[in-house]
Amino acid sequence: MTRLSVELLAADPVEPITSAGHAQLGIAVLAGIAVIVLLITKFKLHAFLALTIGSLALGAFAGAPLDKTIASFSSGLGSTVAGVGVLIALGAILGKLLADSGGADQIVDTILARASGRAMPWAMVLIASVIGLPLFFEVGIVLLIPVVLMVAKRGNYSLMRIGIPALAGLSVMHGLIPPHPGPLVAIDAVDANLGVTLALGILVAIPTVIIAGPLFSKYAARWVDVPAPERMIPERPSEDLEKRPGFGATIATVMLPVVLMLSKALVDIVVDDPANMTQRVFDVAGSPLIALLAAVLVGMFTLGRAAGFGKDRISSTVEKSLAPIAGILLIVGAGGGFKQTLIESGVGRMILEISEDWSIPALLLAWLIAVAIRLATGSATVATISAAGLVAPLAADMSTAHASLLVLAIGAGSLFFSHVNDAGFWLVKEYFGLSVGQTVKTWSVMETIISVVAGGLVLLLSLVI
């Protein structure tokens, strides 16, 4: 029995909910989500506060005592932060080391030096995908925009031909691949295996990023033919450094946690004996905490020391990396509180009961719910958190692989059609000097392609594994 099954039984171990009860809980769910959407979109309230208030509203509409609702929210917040908070922090530290040391610029420059002409869009998607593994989406954009603009200007390329592949690489990593916050929260909510999710996520991400990046950029460049805005070309982080880490060492550091987590998943499949010493070693080394911690410690030498950073500079870099993620941690924690409120108010069991009569596949249902919340709130992270809380009960009887596919379906849906209520939409618009209409024709369509292609691939994989 999974952890989620235990939560559901402990939360509400009574007889099946009646039709009237279904109606009340259904209204409670819609009301709770509506409160969150309204507070975020109309009143511009921070997502942490919106999720907190929405959780209380959900409990009230479901008829749960206020003290029980508060307890549910608090326990969900605490367990979520305990489960993924440290991983997000470690990922932020690794990303900051990569950026400040010039390691990211080293990757960019090395790959671009070996690419030209028709290969350039493919080089850009490769750069963005590698850099996007440890970096948050917004940080990745800030790092890559100068490169995109300079390559487009110096090589006389269409801005969209170069920019769309870079954006696609970053977006796919953000939505589908742990240790990004959205996938981590969904993995925790449905009790999926992180290594298996990572492996399947990479399998889905590769064709998705090819279609939405280099291939779609051909059409995007025809629809929107704009030059690179010179006023938006900022300085690169490494221009003030005397030296940078080597390309090989940088790639090895970035890929270390991925290799460790994938190795654990592979050994678990091949050995499948908890008493086996090899499996026990890999279970420890490939756990997300140890894998990311190892990458951070290694990065202090291969990135920080290699760039000439002393102990004080490395300590300062680590300290500066943690402040910007406070808001992310609070949003993720509040999302966990919202998920727990859903479960303990009986919504989880309600979905289990009524889904038995639905003909719609669970993976498609998860994708559609994430799409709806993404369109309403504009936030991929909020969409992932909320959808994971709603469909998590469906994972109770799923196999390990299908639970991971459920996470990927949620992640794919959370990327659907970014528009004017998404901060990423405006970030892309301003950096690339586009109009609202041009941003919709390029960025918004690209996000939709990612969502649909990834969702379709997840459904196809569910038929063969």
Side-chain angles (χ1 to χ4, degrees), residues 3 48 76-99 131-140 170 173-202 205 253-265 268 282-300 303 317-337 339-340 380-382 384-385 388-389 392 403-404 407-408 410-411 414:
R3 174 174 55 81
F48 165 68
L77 186 150
S79 62
T80 300
V81 172
V84 305
V86 175
L87 305 185
I88 293 172
L90 291 172
I93 294 171
L94 182 59
K96 186 69 171 173
L97 285 169
L98 182 68
I131 289 179
L133 276 172
L135 293 177
F136 296 126
F137 179 77
E138 292 80 2
V139 178
L170 289 174
M173 294 299 110
H174 174 72
L176 300 180
I177 308 296
H180 288 278
L184 278 179
V185 171
I187 288 169
D188 182 69
V190 307
D191 202 21
N193 182 287
L194 191 144
V196 174
T197 305
L198 178 59
L200 293 175
I202 292 173
T253 304
V254 171
M255 297 302 295
L256 177 59
V258 176
V259 171
L260 288 174
M261 288 188 282
L262 286 179
S263 298
K264 174 188 178 301
D268 285 346
F282 275 92
D283 280 347
V284 173
S287 65
L289 174 62
I290 298 300
L292 279 167
L293 180 59
V296 167
L297 295 176
V298 169
M300 289 180 179
L303 301 175
T317 299
V318 171
E319 184 177 348
K320 290 178 181 177
S321 71
L322 297 176
I325 66 167
I328 295 172
L329 286 174
L330 288 172
I331 292 171
V332 167
K339 180 263 297 185
Q340 194 64 24
T381 302
V382 171
T384 300
I385 290 169
S404 293
V407 170
L408 297 177
I410 294 168
S414 75

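This structure is a prediction, so every number in the text was calculated from the model and none was measured.
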Considering only distance and modelled atom types, tabulate donor-acceptor pairs under 3.5 Å from the side chains of residues 176-184, sequence neighbours left out.
{"unit_1": "H180", "atom_1": "NE2", "unit_2": "G132", "atom_2": "O", "d": "2.6"}
{"unit_1": "H180", "atom_1": "NE2", "unit_2": "L133", "atom_2": "O", "d": "3.4"}

So L256 and L260, do their side chains get closer than 4.5 Å, heavy atoms only? yes
What residues form a side-chain hydrogen bond (donor to acceptor under 3.5 Å, both in side chains) with D268, not counting sequence neighbours? K264, Q279
Tell me the closest heavy-atom pair linking I385 and G336, and the distance in Å. CG2-N, 4.2 Å
Smallest separation among heavy atoms of S321 and I93, with atom names: OG-CG1, 3.3 Å
To the nearest 0.5 angstrom, please state how far the OG1 atom of T197 sits from the CG atom of L408. 6.0 Å
Would you say the side-chain atoms of S79 pair up with the backbone N or O of G76, donor to acceptor, closer than 3.5 Å? yes
Derivation of the side-chain contact (heavy atoms from CB on, under 4.5 Å) call for I131 and V254: CA-CA 8 Å; I131 289 179; V254 171; over 6 Å; no
Closest non-hydrogen contact found for V407 with A192 is CG2-CB, 3.9 Å
Rounded distance (nearest 0.5 Å) linking atom CG of L87 with atom CG of L194: 7.5 Å
Distance-only donor-acceptor pairs under 3.5 Å for side chains of residues 324-331, two or more places apart:
none

Closest non-hydrogen atoms of V196 and S404, given as atom of the first, atom of the second and distance, are CG1-OG, 3.5 Å
Got a second to check how far Q340's CD is from L77's CG, nearest 0.5 Å? 11.0 Å
Write down the atom of G195, the atom of N193, and the distance for their closest heavy-atom approach. N-OD1, 2.9 Å
Measure across A189 and A392 and return the closest heavy-atom pair with its distance rounded to 0.1 Å. O-CB, 3.6 Å
Is the shortest heavy-atom distance from the side chain of T253 to the side chain of L97 under 4.5 Å? no
Counting C-beta onward and ignoring hydrogens, is there a side-chain heavy-atom pair between M300 and T317 closer than 4.5 Å? no
